[in-house]
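Index from 1, following the sequence.
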Amino acid sequence: MIYRHREGEGNVAEHDESMFFISSLPTKVKRLSKFIRDHWQIEDSEHYVLDVTFAEDASRIRRGTSPEVSAAIRRMALDVLQRDTTVKDNIRGKRMRAGWDDAVLDGICAGFSGT
């Protein structure tokens, strides 16, 4: 268990949080906290890209397994766009260009090897 207390800055209130983790690593606090921060940094950066590029948080897909399937498709599309080297643009720009021009879409898909 990790307990965190954050002091508020300006109008932001204080925040207390308890987090629980399961690990086979020895309980060395600094080492574990680095692993946890690294994990959440990756998680947060991917979520940010998915939300900004694909408006994932605004999705209205709610029934059955559709939310999980659409999330998997978004992550797959993100992976394809990140690996693409044919278009020199950010992820949002690549996605927009691929939607506007079939030749760009074909180039992105042809360049994806899946490995």
Side-chain angles (χ1 to χ4, degrees):
M1 179 180 101
I2 295 177
Y3 171 78
R4 294 192 318 182
H5 174 79
R6 285 189 254 178
E7 298 286 328
E9 293 180 17
N11 294 333
V12 179
E14 293 182 10
H15 181 73
D16 294 313
E17 181 177 26
S18 295
M19 301 167 65
F20 297 89
F21 299 92
I22 297 174
S23 175
S24 61
L25 295 173
T27 54
K28 295 183 179 179
V29 174
K30 287 187 179 185
R31 184 173 178 218
L32 287 175
S33 62
K34 181 182 179 334
F35 283 128
I36 292 165
R37 276 194 307 275
D38 290 348
H39 167 77
W40 284 109
Q41 179 182 8
I42 293 166
E43 190 73 25
D44 289 343
S45 66
E46 180 180 335
H47 176 74
Y48 176 79
V49 171
L50 287 168
D51 190 33
V52 169
T53 307
F54 294 94
E56 188 171 58
D57 286 349
S59 175
R60 306 275 300 154
I61 300 170
R62 303 266 191 273
R63 297 191 136 188
T65 58
S66 299
E68 291 85 6
V69 170
S70 62
I73 291 170
R74 283 189 207 103
R75 283 180 172 76
M76 184 175 58
L78 177 61
D79 186 49
V80 170
L81 291 171
Q82 286 175 334
R83 291 179 184 210
D84 175 60
T85 58
T86 61
V87 177
K88 301 295 180 205
D89 206 344
N90 60 23
I91 301 298
R92 176 180 269 175
K94 287 180 184 182
R95 181 173 179 237
M96 289 173 52
R97 285 185 189 198
W100 292 331
D101 188 352
D102 288 340
V104 173
L105 177 62
D106 291 343
I108 290 172
C109 291
F112 181 68
S113 65
T115 57

Separation between CD1 (Ile73) and CZ (Phe54), nearest 0.5 Å, reads 11.0 Å
Value for CG (Leu78) from CZ (Arg83), rounded to nearest 0.5 Å, stands at 11.0 Å
Rounding to 0.5 Å, atoms CG (Leu81) and CE (Met76) come to a distance of 11.0 Å
Contacts of Arg95 meeting side-chain hydrogen bond (donor to acceptor under 3.5 Å, both in side chains) (sequence neighbours excluded), chain-then-number -> none
**OP:** Kindly indicate whether the side chain of Lys34, heavy atoms from C-beta on, has any atom under 4.5 Å from the side chain of Arg37.
**Re:** yes
Going by chain and number, the hydrophobic cluster around Ile61 (ILVMFWY, side chain to side chain under 4.5 Å) further includes none
Checklist entry - Taking C-beta and beyond as the side chain, do Val104 and Lys94 meet within less than 4.5 Å on heavy atoms? => result no
Between the CD1 atom in Ile108 and the OG1 atom in Thr85, the distance rounded to the nearest 0.5 Å is 10.0 Å
Rounded to the nearest 0.5 angstrom, the CD-CD distance for Gln82 and Glu46 is 7.5 Å
Taken in chain and number order and not counting sequence neighbours, the residues that satisfy side-chain hydrogen bond (donor to acceptor under 3.5 Å, both in side chains) with Arg92 are none
Hits for salt bridge (charged side-chain N to carboxylate O under 4.0 Å, His left out) against Asp101, two or more places apart or cross-chain, chain-then-number order -> none
Asp89 meets the side-chain hydrogen bond (donor to acceptor under 3.5 Å, both in side chains) criterion, sequence neighbours left out, with Arg97
For Arg74 and Ser59 the tightest heavy-atom approach is NH2-OG, 3.2 Å
Rounding to 0.5 Å, atoms CZ (Arg62) and OG (Ser70) come to a distance of 10.0 Å
(message) Using a 3.5 Å distance criterion without hydrogens, assess whether the side chain of Thr53 forms a donor-acceptor pair with backbone atoms of Leu50.
(response) no
Sorted by chain and number, sequence neighbours left out, side-chain hydrogen bond (donor to acceptor under 3.5 Å, both in side chains) with Asp51 holds for none
